[in-house]
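One structure below.
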Amino acid sequence: MKKIKTMETGTKIVKMSAVTAAVYLGMKFVFPVALPFLIALALARMLYPLAKALEKKMRFRRELARFTAYGALLAGIGAIAGGLLYLCYFMGSQCLNNMDSILESADSIFCESCDKLEELSGFKTEDIQRTIQKEASSLAEGAVSYSKDAGWYMMGLLAKIFVILIAAFLILNDYEKIIGGIKKTQTGRYAIEMLKGIKGASWAYLRAQLCIMGIVTAICIGGLFLLGIPYAFWAGLAIGICDALPVLGTGTIFVPWALFEILFGRYQNALGFFVIYFICNFIRQVLEPRMVGQSLGVPPLAVLISIYVGIYVYGGSGVLLGPISALVIYEVYKSF
């Protein structure tokens with residue numbers, strides 16, 4: 001009896017190891033390739049009820065109903081893109097109209113910073129300016145190279161968006177056949193059931209992250225307002241959004257900003273920025289495992305471990321891929 005239990009335990013460990021390895025390889029190599037088509041499938045699934053409603057209630061023909069639903073998707077994407085382009089145009093035009101004052105302020109800040117560095121370090125202002133200008137020129141050369149890479153990245157991103165939109169239309173057009181074909185196979189039925197569980201957990205995870213982002217943003221706005229910072233609302237909102245991104249965080253903004261304030265002798269503001277940063281960081285570290293764990297129905301420690309391992313394995317995107325990988329492993333192992 002004891003030998004049988006030992007064999008069962010060994011079998012479970014082997015299965016768990018195999019599932020973990022498969023999920024890791026899938027997330028690392030297969031998921032990035034399949035992601036555009038998964039997004040297209042999600043868009044088609046979102047548009048399908050609208051298309052069926054147009055067929056039944058509005059008496060549209062099948063092709064016309066699906067084309068109308070797809071047109072609504074394109075109109076929504078176009079409206080968002082148009083709004084972003086207008087915002088960029090508005091901000092760019094404002095910068096161009098005030099370019100003289102901006103350059104004058106930047107030159108004044110640059111000279112004042114060099115004077116402060118001379119007081120602190122003992123080096124002459126001219127030497128500091130020469131060193132900074134030399135480094136700036138090398139950074140400019142690096143920026144040109146980086147801009148080329150960024151250009152290729154944007155072209156690749158646009159190509160992926162184009163593939164997603166075309167694939168979404170094709171999937172929507174043959175939605176019943178595709179879903180029916182998937183449901184005919186045992187693997188397909190199993191995948192659909194697993195995706196349902198992952199979908200519910202993903203929405204719970206997203207709600208928890210949005211709630212945390214809202215709390216952090218409110219702290220940033222309130223702290224900047226108390227410090228008397230101009231445009232406290234917009235600055236706090238931008239910092240809160242940065243905190244939600246995998247690679248960035250509140251420290252990306254507050255730490256350099258605080259050091260800049262120290263350089264100019266505004267120690268009260270610098271202290272305030274450090275306090276806001278530590279509060280936001282503490283809030284995220286405490287609330288993220290707890291809220292995400294409650295949403296997913298798993299212990300907070302398990303969520304914290306999945307996030308840490310995800311960052312270690314996948315990099316910055318591990319904040320999202322770590323918990324998702326853990327959910328996939330759990331769903332697959334539960335089916336065994």
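The structure presented is a predicted model; accordingly, all values stated were derived computationally and were not measured. Sequence positions, counted from 1, serve as the residue numbers for this chain.
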Quiz item: Does R66 use its side chain to pair, donor to acceptor, with the backbone of L172 at less than 3.5 Å?
Solution: yes

Self-check item: same_hphob_cluster(L38, M46) at 4.5 Å side-chain heavy-atom cutoff
Solution: yes

Quiz prompt | Interatomic distance, I229 atom CD1 to W257 atom CH2 [nearest 0.5 angstrom] | solution = 5.0 Å

Self-check item: Remaining members of the apolar cluster that contains V286, side-chain heavy atoms under 4.5 Å
Solution: F282

Self-check item: Sub-4.5 Å side-chain heavy-atom contact between T252 and C242
Solution: no

Quiz item: In Å and rounded to the nearest 0.5 Å, what is the CG to CG distance from L73 to L165?
Solution: 6.5 Å

Quiz item: Going by side-chain heavy atoms closer than 4.5 Å, which hydrophobic residues are tied to I80, directly or by a chain of links?
Solution: L84

Quiz prompt | Interatomic distance, N269 atom CG to F260 atom CZ [nearest 0.5 angstrom] | solution = 11.5 Å

Practice problem: Could you pull out the closest heavy-atom pair between G236 and T217, with the gap in Å? | Solution: O-CG2, 3.8 Å

Exercise. Just grab all the ring pair (Phe, Tyr, Trp, His ring centres under 6.0 Å) pairs involving residues 156-181, residues at least two apart or on different chains.
Key: Y48-Y175, Y70-F169

Self-check item: Residue list, side-chain contact (heavy atoms from CB on, under 4.5 Å) with A270, at least two apart or on another chain
Solution: A258, E261, I262

Quiz item: With a 4.5 Å heavy-atom cut-off, do I276 and L227 have their side chains touching?
Solution: yes

Practice problem: Measure across A168 and A44 and return the closest heavy-atom pair with its distance rounded to 0.1 Å. | Solution: O-CB, 3.9 Å

Quiz item: Are I161 and I39 co-members of a hydrophobic cluster defined by side-chain heavy atoms under 4.5 Å apart?
Solution: yes

Quiz item: Should the ring pair Y86 and Y89 be called parallel, tilted or perpendicular, given that the plane angle runs from 0 to 90° and is split at 30 and 60?
Solution: tilted

Practice problem: State yes or no: do L43 and L157 share one hydrophobic cluster built from I, L, V, M, F, W and Y residues joined by side-chain heavy-atom distances below 4.5 Å, directly or via other members? | Solution: yes

Exercise. Give a yes or no on whether L74 and F67 share a hydrophobic cluster (residues Ile, Leu, Val, Met, Phe, Trp, Tyr; joining criterion: side-chain heavy atoms under 4.5 Å apart).
Key: yes

Quiz item: CG/L224 to CZ/F273 distance, rounded to the nearest 0.5 angstrom?
Solution: 6.0 Å

Exercise. May I ask whether F37 and I164 are part of the same hydrophobic cluster, defined by side-chain heavy atoms of I, L, V, M, F, W, Y residues being less than 4.5 angstrom apart, directly or through others?
Key: no

Enumerate donor-acceptor pairs with a distance under 3.5 Å from any side-chain N or O in residues 50-63 to protein atoms, sequence neighbours excluded.
from, atom 1, to, atom 2, distance (Å)
R62, NH2, N173, O, 2.4

Quiz prompt | Which atom of P32 lies closest to which atom of P36, heavy atoms considered | solution = O-CD, 3.7 Å

Quiz item: By side-chain contact (heavy atoms from CB on, under 4.5 Å), which residues pair with I215, not counting sequence neighbours?
Solution: C211, I219, I283, L287

